[in-house]
Amino acid sequence: MFALNWLPLQPLIFIKPVDFNMLGIQQSIQKSLQEGLQHLFSIDAQEIVLQETKKEFEGTFTFVVFPFTKQASKAPAQIAQLLGEYMLANNPKIKAFQVVQGFLNLSLQDAVWVEILNGINQDAHPFTLADKKEKVLIEYSSPNTNKPLHLGHLRNNFLGFSVSQILDAAGYEVIKTNLVNDRGIHICKSMLAYQLFGNGETPESSGLKGDHLVGKYYVAFDKAYKVEIETLVQQGIDPEEAKKQAPILLKAQDMLLAWEQNEPSVIALWEQMNTWVFDGFAKSYAQMGVSFDKIYRESNTYLLGKKLVDEGLAQGVFFRKDDGSVWIDLTEEGLDEKLVLRRDGTSVYITQDMGTAQLKYEDFGAKRSVYVVGNEQDYHFEVLFHILKKLNKPFSEGNYHLSYGMVDLPSGKMKSREGTVVDADDLMAEMVNTAQSRTLELGKIEGFSAEEANALFNQLGLGALKYFLLKVDPKKRMLFNPEESIDFQGNTGPFIQYTHARICSMTRKAASMGINIKISAGKSYELAESEQELIFLLGNYKSKIQEAAAQFAPSVIAQYTYDLAKQFNKFYNELSILNEENVDSRNIRLNLASLTGETIKASLALLGIVAPERM
RNA sequence: GGCUCCGUAGUUCAAUGGAUAGAAUGUAGGUUUCCGGUACCUAAGAUGAAGGUUCGAUUCCUUCCGGGGCUACCA
């Protein structure tokens with residue numbers, strides 16, 4: 001596997017205690033288990049793996065003893081029993097233990113739960129990990145300037161932005177970049193069509209968003225092209241040949257040549273249309289809530305990389321064939337020979353990417369780089385990373401292709417030519433509309449100004465969309481069902497947002513009642529199971545960030561946030577909070593509620609989703 | 001053809017080699033004179049097939065079946 005994760009998922013035991021609120025307890029238990037194994041069976045266990053106890057069993061942590069049966073030469077249940085007794089006698093944090101076959105389930109003292117809760121209360125940075133003093137560069141979005149953004153781009157943008165947020169929370173300095181594909185034959189196609197059929201139309205005159213206007217002419221080109229092919233075929237020309245000979249295609253090729261030679265009229269048209277597209281994209285990005293520290297354009301970078309090819313030739317990394325083209329031999333890596341420079345000396349896609357890697361390093365000096373690009377380019381990035389390694393540069397290591405699967409529609413694959421694409425702007429607008437009508441039906445936003453209401457509709461609509469796309473493992477191909485995506489119940493963004501809003505309502509009320517929501521430390525409470533589970537989830541927040549960062553997987557955060565909201569609702573349903581008569585219980589529950597609210601807000605932010613206080 | 005990724009309830013998604021494979025949705029029931037019902041609870045329902053490794057396999061290995069992607073001197 002080439003795509004080695006460069007942020008190793010470390011066992012918790014190696015991480016500094018200050019990072020995780022649950023960690024001190026875990027380590028204490030791991031240490032006791034280690035000592036127990038040594039004391040009872042003379043087993044020197046290097047690694048103690050603790051797992052979360054399954055819901056249907058009593059306990060918090062589970063230790064699996066099966067691996068030690070041989071060394072201990074006893075039955076699994078017997079080992080577990082002895083270890084459990086040892087734990088109870090030697091670790092004051094343990095309240096009880098249960099043995100099920102080879103599984104030892106450990107329950108914690110109530111005081112330990114309060115201790116964890118207090119730990120979070122006192123944590124100066126409860127939602128971020130320690131600064132790792134390291135830069136990470138992330139490239140995402142990477143659109144073409146000849147067509148508007150579609151559903152696939154939404155997955156890309158949401159993923160890229162979310163991973164940036166997660167890495168930032170995990171303590172990295174994150175630099176967000178976007179490499180826009182603004183040149184090439186496909187761009188000339190829309191330029192040519194505009195020249196032929198545009199009649200001087202502009203975004204202003206047509207009322208179309210700039211990128212949609214340009215996209216319209218890309219489609220127009222394709223239409224005209226097909227007609228010409230058809231005509232040629234009817235004249236008896238071979239279809240394959242017709243595709244190459246169609247006059248409009250030849251004109252587009254001429255135009256590309258003229259562009260590369262800086263022909264002023266072509267450049268002027270190109271710049272004009274680019275301006276429109278970039279204006280359009282800027283609006284879409286604003287609506288998506290994503291941003292970039294630097295936007296690179298291929299028109300500025302496509303010539304880079306030739307110098308690297310020269311260097312590589314001198315070092316023997318590349319070789320030149322008789323016709324003058326330059327190649328790299330990757331057969332030892334299980335790949336093929338790959339072209340890096342055409343025989344006419346011009347660069348190809350991969351040459352440009354080599355150059356851009358160097359340019360980005362010169363600009364920011366980040367040794368780690370993440371490319372958020374669809375999995376149809378897996379092979380390309382495999383080759384690129386091998387080449388960069390062989391060039392042995394400061395940016396040769398630490399590259400990662402965050403490869404994500406395609407988004408399918410129920411009707412099948414999205415195809416721009418057949419008009420079965422889901423346009424990003426349309427979809428976002430539709431989601432916001434749905435959010436609006438649902439919210440107005442419920443009638444809970446009286447007192448909102450028109451502006452506040454609109455902001456809320458955006459937050460809810462985009463929240464639903466982002467959550468829908470991010471909850472799935474990025475690697476996997478996913479199905480986009482328009483009806484389900486606008487659902488606001490169940491495992492959805494609005495469900496989580498609603499839970500947050502409800503908590504906010506409660507803390508507002510508590511504040512007006514003059515209740516202090518921070519519990520007093522050191523007191524011992526008898527905790528209900530739903531309270532313990534909530535504390536457990538809250539205490540796990542930082543390790544979830546670590547896990548999500550290590551795997552570049554916003555889905556980990558999405559799943560966690562959903563579990564947290566669900567657990568809160570259970571807790572909320574079972575127990576009284578503001579109406580609780582016992583003041584100590586009321587305070588601790590209120591503390592739990594407000595902490596849950598803050599945690600939901602923080603983790604939704606990692607997904608790029610806003611948590612409104614009222615909805 | 002070669003390389004590669006993926007096949008889990010009707011559907012959409014989960015599950016560092018661990019317990020009775022979890023959720024959501026849909027279906028069928030139920031709860032709350034209560035702090036915001038977009039809530040909570042209950043039920044039925046699934047690992048493509050066959051082997052292998054293991055105390056233990058959705059997970060690792062092999063073969064087969066089915067699907068996606070890549071296999072351009074395009075980007």
Side-chain angles (χ1 to χ4, degrees), chain A residues 1 9 11 49 51 53-57 62 64 66-67 69-70 75-76 100-103 105 142 144 181 183-187 298 302 321 323-327 334-336 338-350 352-353 374-380 382 403 405-406 408 410 413 438-439 441-442 444 460 468 471-473 475-481 483-485 487-492 494-499 501-506 509-510 513 547 551 555 558-559 562-563 565-566 568-580 586 589-590 593 614-615:
Chain A
M1 280 288 277
L9 184 56
V49 180
Q51 40 190 283
T53 303
K54 288 206 156 200
K55 281 236 168 87
E56 56 267 39
F57 298 101
T62 294
V64 183
F66 284 113
T69 42
K70 267 186 195 157
V100 183
Q101 300 163 45
F103 299 90
N105 298 329
S142 312
N144 278 337
N181 179 348
R183 62 163 289 279
I185 185 74
H186 50 294
I187 308 298
E298 247 183 63
Y302 82 108
K321 288 196 176 175
D323 65 2
S325 57
V326 181
W327 298 70
L335 301 173
D336 218 338
K338 187 83 188 170
L339 179 100
V340 294
L341 212 57
R342 294 192 190 98
R343 78 179 141 217
D344 62 5
T346 55
S347 46
V348 289
Y349 184 33
I350 202 133
Q352 167 202 308
D353 270 359
N375 64 9
E376 70 273 12
Q377 295 201 36
D378 283 356
Y379 182 70
H380 171 79
E382 195 174 359
S403 158
M406 193 181 281
D408 285 325
K413 201 182 290 187
R438 300 260 178 146
T439 305
E441 266 171 40
L442 292 168
K444 282 184 182 158
L460 296 178
F468 188 87
K471 73 178 175 187
V472 181
D473 182 345
K475 291 192 297 288
K476 291 201 174 171
R477 190 173 168 188
M478 68 177 290
L479 187 82
F480 183 81
N481 184 328
E483 282 162 30
E484 264 178 49
S485 68
D487 210 332
F488 284 18
Q489 288 171 41
N491 191 354
T492 66
F495 165 81
I496 298 166
Q497 288 171 314
Y498 174 77
T499 304
R502 193 199 237 175
I503 292 170
C504 287
S505 158
M506 197 186 313
K509 194 166 277 182
M513 289 161 71
E547 188 185 336
Q551 299 175 17
S555 55
Q559 194 60 44
Y562 177 64
D563 287 343
K566 217 166 135 55
F568 177 81
N569 281 327
K570 191 175 177 174
F571 155 83
Y572 177 88
N573 240 273
E574 279 174 14
L575 304 167
S576 289
I577 301 174
L578 290 175
N579 298 337
E580 170 62 39
R586 185 196 66 187
R589 287 176 194 165
L590 201 53
R614 294 181 56 195
M615 60 185 274

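The sequence lines fix the lettering, A, B, ..., with proteins before strands; numbering per chain opens at 1. Here the structure is a predicted model, which is why all the values come from computation and not from measurement.
Rounded to whole Å, the C1' atom of B:rG26 lies 15 Å from the corresponding atom of B:rC13. Of the C1' atoms belonging to B:rU54 and B:rG17, the separation is 9 Å, rounded to the nearest Å. Rounded to a whole angstrom, the distance from the C1' atom of B:rG45 to that of B:rA21 is 13 Å. For B:rU4 and B:rA14, the C1' atoms lie 24 Å apart once the distance is rounded to whole Å. As rounded to the nearest Å, B:rG52 and B:rC5 have C1' atoms that lie 23 Å from one another. Taking atom P on both nucleotides, B:rU42 is separated from B:rG1 by 50 Å, rounded to a whole Å.
When distances are taken from the side chain of A:E376 to each of B:rC35, B:rC74, B:rC70, the shortest belongs to B:rC70. Which of B:rA24, B:rG36, B:rU25 sits closest to the side chain of A:Q489 comes down to B:rU25. Closest to the side chain of A:N491, out of B:rG7, B:rA75, B:rA24, is B:rA24. Set against B:rU38, B:rG18, B:rA39, the side chain of A:N573 has B:rA39 as its closest nucleotide. Listed candidates were B:rC35, B:rA24, B:rC70. Nearest to the side chain of A:K566 is B:rA24.
Within the shown strands, B:rA50 is the pairing partner of B:rU62 under the Watson-Crick or G-U definition, both distances less than 3.5 Å. The partner of B:rU8 cannot be assigned: no Watson-Crick or G-U wobble pair with both contacts below 3.5 Å exists in any strand. Of all nucleotides present, only B:rG69 satisfies the Watson-Crick or G-U wobble test against B:rC3, with each distance under 3.5 Å. Pairing for B:rC35 is absent, with no Watson-Crick or G-U wobble pair whose two atom distances lie under 3.5 Å. The partner of B:rA43, taking Watson-Crick or G-U wobble pairs whose two distances both stay under 3.5 Å, is B:rU27.
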*Derivation and outcome, side chain to side chain donor-acceptor pair (under 3.5 Å), residues A:R502 and A:N569*: CA-CA 10 Å; A:R502 193 199 237 175; A:N569 281 327; 2.8 Å; yes

*asked:* Set out, in order, the CA-CA distance, both residues' side-chain angles and the distance that settles side-chain contact (heavy atoms from CB on, under 4.5 Å) for A:V49 and A:V64, then state yes or no.
replied: CA-CA 8 Å; A:V49 180; A:V64 183; over 6 Å; no

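One interatomic measurement links the two molecules: CG of A:L339 to C1' of B:rA72, which rounds to 10 Å at whole-angstrom precision. What separates CD of A:Q497 from C1' of B:rG36 is a distance of 15 Å, to the nearest Å. Nucleotide B:rG36 holds its P atom 12 Å from the CZ atom of A:R614, rounded to whole Å. Rounded to an integer number of Å, the gap from NZ of A:K475 to P of B:rC70 is 20 Å.
The residue among A:V348 and A:I503 whose nearest nucleotide of RNA chain B lies closer to the 5′ end is A:I503. Remark on RNA chain B: of its neighbouring residues A:I350 and A:N105, the 5'-side contact belongs to A:N105, judged by nearest-heavy-atom nucleotide.
Between the base of B:rA14 and the side chain of A:D563 there is no donor-acceptor pair shorter than 3.5 Å. The base of B:rC73 sits within donor-acceptor range of the side chain of A:D323, with an N or O pair under 3.5 Å. Under 3.5 Å, the side chain of A:S555 and the base of B:rA14 form no donor-acceptor pair of N or O atoms.
In this structure, A:H380 and A:Y349 have parallel ring planes: the angle between them is below the 30° cut-off, well short of the 60° mark.
Applying the 5.5 angstrom centroid cut-off and the 30 degree plane-angle cut-off, the aromatic ring of A:F66 is stacked upon the base of B:rG18.
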